[in-house]
Amino acid sequence: MRDVDPAELAAIQAGTVVARTLISLTVKDRLTGNPVPLGFWMDAGPGAFNVINPRTGATEARSFIGDALISVGEIPLISDISVREVEVVLAAIDDDVQEAVRTYDVRNAPIEIHRVYLDPVTMLQVAPARCRFLGQVDTAPIETAAEGGASTVTLSCTSTTQELRRKNPDVASHESQILRSSTDDFYRDTGVAGDWTLFWGKKQAKVKQT
């Protein structure tokens with residue numbers, strides 16, 4: 001069950017709000033490797049909104065670019081560790097989108113998708129926007145349309161729950177253990193311990209019968 005702000009819930013039940021989608025990306029500068037935050041929202045013109053950071057729970061003020069976000073795929077609302085996949089479509093003709101995918105590196109970029117509810121008269125948000133999807137960008141192909149068509153950039157995104165399903169190829173061995181700590185000898189004798197016979201707390205090598 002998702003937590004909903006009381007003011008937001010009351011406005012939704014009264015039918016006095018309009019919903020908009022916000023996209024927050026953290027791309028990487030190709031020259032310096034520094035993270036660069038970018039935001040897009042599904043409406044015209046620039047927007048500034050308060051959103052709840054899903055990683056910290058803190059409310060943050062963020063800026064969003066308009067006229068570039070075309071669509072966001074359906075987001076499965078589930079409570080298990082299943083990996084969710086969402087497609088975000090941006091207008092390739094937009095200068096800010098071009099900068100995001102060409103000037104910066106969008107591969108594996110962290111992405112957050114928020115939904116904000118606005119008063120239809122004032123267009124002010126009713127409550128801080130809550131995150132509906134947290135993940136990373138897998139691929140971002142630029143699709144060039146035929147003459148008269150609209151070129152797009154489709155961000156294929158997967159949820160962060162995929163990290164919980166990664167397998168660790170490491171094995172229990174002395175060689176692996178000392179990579180973590182050079183003085184950790186816990187697994188030093190695991191390869192030969194089965195050949196030992198203990199007498200009064202002392203170890204002696206087993207005599208193998210021929």
Work out which heavy atom in [X] is nearest to a heavy atom in [Y]; give both atom names and the distance.
X	Y	value
V126	D119	CG2-N, 4.2 Å
E60	N53	OE2-ND2, 2.8 Å
V86	I75	CG2-CG1, 3.9 Å
A100	V27	O-CG1, 4.2 Å
V51	F64	CG1-CZ, 4.2 Å
M123	L118	CE-CD1, 3.5 Å

*Could you give all pairs that pass the side-chain hydrogen bond (donor to acceptor under 3.5 Å, both in side chains) test and reach residues 63-76, with sequence neighbours left out?*
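Applying side-chain hydrogen bond (donor to acceptor under 3.5 Å, both in side chains) to every pair that reaches into residues 63-76, excluding sequence neighbours, yields nothing.
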In Å, rounded to the nearest 0.5 Å, how long is the span from [atom1] of [X] to [atom2] of [Y]?
X	Y	atom1	atom2	value
L38	L25	CG	CG	6.5 Å
R132	H114	CZ	NE2	11.0 Å
D94	I65	CG	CD1	7.0 Å
L155	F40	CG	CZ	8.5 Å
R20	Y117	CZ	OH	12.0 Å
I23	C157	CD1	SG	7.5 Å

Would you say [X] and [Y] are hydrophobically clustered, going by side-chain heavy atoms of ILVMFWY under 4.5 Å?
X	Y	result
V97	W41	no
I93	V89	no
L22	F133	no
V17	I52	no
V153	M42	yes

*Tell me, with the steps shown, if R30 and Y104 meet side chain to side chain contact (heavy atoms under 4.5 Å, CB included).*
CA-CA 6 Å; R30 295 181 187 273; Y104 300 120; 5.6 Å; no
*If you count the non-hydrogen atoms of other residues, nucleotides and ligands that lie under 6.0 Å from CD1 in I142, is the total more than 12?*
yes
*asked:* Just checking N34: does its CG atom have more than 12 heavy atoms from other residues, nucleotides or ligands closer to it than 6.0 angstrom?
replied: yes
*Can you check whether Q136 reaches P110 side chain to side chain, under 4.5 Å on heavy atoms?*
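Heavy-atom side-chain distance check fails, nothing below 4.5 Å.
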*If we only count heavy atoms from C-beta on, is the N50 to Q125 side-chain gap below 4.5 Å?*
yes
*Do the side chain of Q98 and the main chain of A92 share a donor and acceptor less than 3.5 angstrom apart?*
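Answer holds: yes.
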_Donor-acceptor contact present, side-chain T139 to main-chain P141, <3.5 Å_ = no
*Can you check side chain to side chain contact (heavy atoms under 4.5 Å, CB included) on T154 and E143, steps first, answer last?*
CA-CA 8 Å; T154 301; E143 301 169 7; 3.4 Å; yes
_When you compare the side chains of R62 and S24, does any donor N or O come within less than 3.5 Å of an acceptor on the partner?_
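Note: R62 and S24 side chains meet the donor-acceptor criterion.
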*Decide whether D138 and T158 meet the rule of one side-chain donor and one side-chain acceptor closer than 3.5 Å.*
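Yes, because at least one side-chain N or O of D138 sits under 3.5 Å from a partner of the opposite role on T158.
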*Given side chain to side chain contact (heavy atoms under 4.5 Å, CB included), test L90 with T152 step by step and report yes or no.*
CA-CA 6 Å; L90 301 168; T152 60; over 6 Å; no
*asked:* Applying salt bridge (charged side-chain N to carboxylate O under 4.0 Å, His left out) to E112 and R55, what does each step give before you reach the verdict?
replied: CA-CA 10 Å; E112 301 171 15; R55 295 179 175 85; 2.9 Å; yes
*Begin from the C-alpha positions of T26 and V36 and carry the test side chain to side chain contact (heavy atoms under 4.5 Å, CB included) through to its verdict.*
CA-CA 5 Å; T26 305; V36 179; over 6 Å; no
